[in-house]
Amino acid sequence: MGTMSPSHPAPDARADLISYLDFHVEAGVDAALDEAPHDRFGEAEAAAPPREPPPRRAAPPASAPASAPDDASPFRRELPSRDPAPKEPPRTYGNAASAKPGEAADDARARAAQMQTLEELEALLRGFEGCGLRFTAKNLVFADGNPQARVMFVGEAPGADEDRIGKPFMGRSGQLLDRMMAAIGLDRTGAYITNVVPWRPPGNRNPTPQEIAICRPFIERQIELADPELLVCLGAPATQTLTGTKDGILKARGRFYPYILRDGREIKALATLHPAYLLRQPVQKRLAWRDFRMLKAALDGGR
């Protein structure tokens, strides 16, 4: 019987290793230094070149008068001239994740406005480096469904399943959203689905206000290009980002808000509960059902 080479682990062991790595990535670990701890500061000091001892001051001559003028003082020595502080390199604004959030958001807004199709916008996002989430996520999660649909659903940010597959609402919350849409006669061929933030935050944490501000120009341009008749904001972050309300989702839900496009046109935005919240609080599904009945009435009334 042959044996597996140590450099080529058995399939079961390989699957375990991949699962182990995925666990750490989902927990926010993005770098592995070594298997054993190291004293990095001690290693750096040992590798540094020896420092030269500071120059000693010359002793004053014995015959020097005690009241010698300052400019003739033997203790006076010229200080070496210092070069001016180096100037900061020019910032790259949204081209790098090190840019200030305000600069990255301005750059995102300027770039997004130039995109004329959803395909161009998606390509722009794939190369955009102004949001640090891009470097910790596995995939860009742009959209799913039919961009010509009359209704557009907007959530908060991708989760682990969405990050792995590259499409929004692919996990348990996505399955619930599919059932909620089916209850009013919709499916993914008749709806367009996306998120405010197109990259998964590490560990499924909430995106920060700075991350939302950087990504906001992209979702706004995506809405303009898709041009739906109705928006459905799933959860508080999407509702607050797109409508400007400060209310919590339980107070904001069940209402239509005006969403104004850049050309002045207005479309209605319905606030409702996020499917992930409904999985944690099943008793609130009755509220979501009321909201979806409002959505169906609005779609039927617009025919």
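Below, each value reflects all heavy atoms present in this structure, side chains not excepted, and no hydrogens, waters or symmetry copies.
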To check you understand the geometry: which heavy-atom pair defines the closest contact between Val196 and Ala238, and what is its length? CG2-CA, 3.9 Å
Is there a chain of hydrophobic side chains (I, L, V, M, F, W, Y, each step under 4.5 Å between heavy atoms) that links Ile249 to Leu295? yes
Is Leu125 reachable from Ile165 through a run of I, L, V, M, F, W or Y residues, each pair having side-chain heavy atoms under 4.5 Å apart? no
Shortest non-hydrogen pair, Arg200 vs Pro158, comes out as CG-O, 3.3 Å
Output for pair (Arg164 CZ, Lys138 NZ), nearest 0.5 Å, gives 7.5 Å
Tightest non-hydrogen contact, residues Arg188 and Pro168, listed as NH1-O, 3.2 Å
Starting at NZ of Lys167, measure out to CG of Asn195 and round the result to the nearest 0.5 Å. 14.5 Å
Tightest non-hydrogen contact, residues Asp247 and Ala252, listed as CB-CB, 4.2 Å
Keeping Asp291 on the side-chain end and Met294 on the backbone end, is there a donor-acceptor pair under 3.5 Å? no
Met181 vs Ile193 side-chain heavy atoms within contact, under 4.5 Å: yes
Do you reckon Leu225 sits in the same ILVMFWY cluster as Leu231, going by side-chain contacts under 4.5 Å, direct or chained? yes
Geometric class of the Phe128/Phe218 ring pair [parallel <30°, tilted 30-60°, perpendicular >60°]: perpendicular
Between Glu211 and Arg205, which heavy-atom pair has the shortest distance, and what is it? OE2-NH2, 2.8 Å
Smallest heavy-atom separation, Leu140 atom then Glu122 atom, equals CD2-O, 3.9 Å
Atom CD of Gln281 and atom CG of Leu287: how far apart are they, to the nearest 0.5 Å? 11.0 Å
Does Glu119 form a side-chain contact (heavy atoms from CB on, under 4.5 Å) with Phe142? I'd like the steps, not just the answer. CA-CA 10 Å; Glu119 292 75 16; Phe142 184 69; over 6 Å; no
Quick check: do Cys215 and Cys131 have side-chain heavy atoms less than 4.5 Å from each other? yes
Value rounded to 0.5 Å, distance of CG in Leu177 from CG in Leu278: 10.0 Å
Quick check: is Tyr257 connected to Leu261 through a chain of hydrophobic side chains (ILVMFWY, heavy atoms under 4.5 Å apart)? no
From the list Arg150, Gln222, Gln148, side-chain hydrogen bond (donor to acceptor under 3.5 Å, both in side chains) partner of Tyr192 resolves to Gln222
Just verifying a value: how many Å separate Gln114 CD and Arg221 CZ, rounded to the nearest 0.5 Å? 10.0 Å
To the nearest 0.5 angstrom, please state how far the CG atom of Leu299 sits from the CD1 atom of Ile184. 6.5 Å
Do Met115 and Val141 sit in the same hydrophobic cluster, where Ile, Leu, Val, Met, Phe, Trp and Tyr count as joined when their side-chain heavy atoms come under 4.5 Å apart? no
Can you run down the salt bridge (Lys or Arg N to Asp or Glu O under 4.0 Å) pairs that involve residues 275-290, sequence neighbours left out, and say none if there aren't any? none
Answer yes or no: is there a side-chain heavy-atom contact under 4.5 Å between Leu230 and Leu270? no
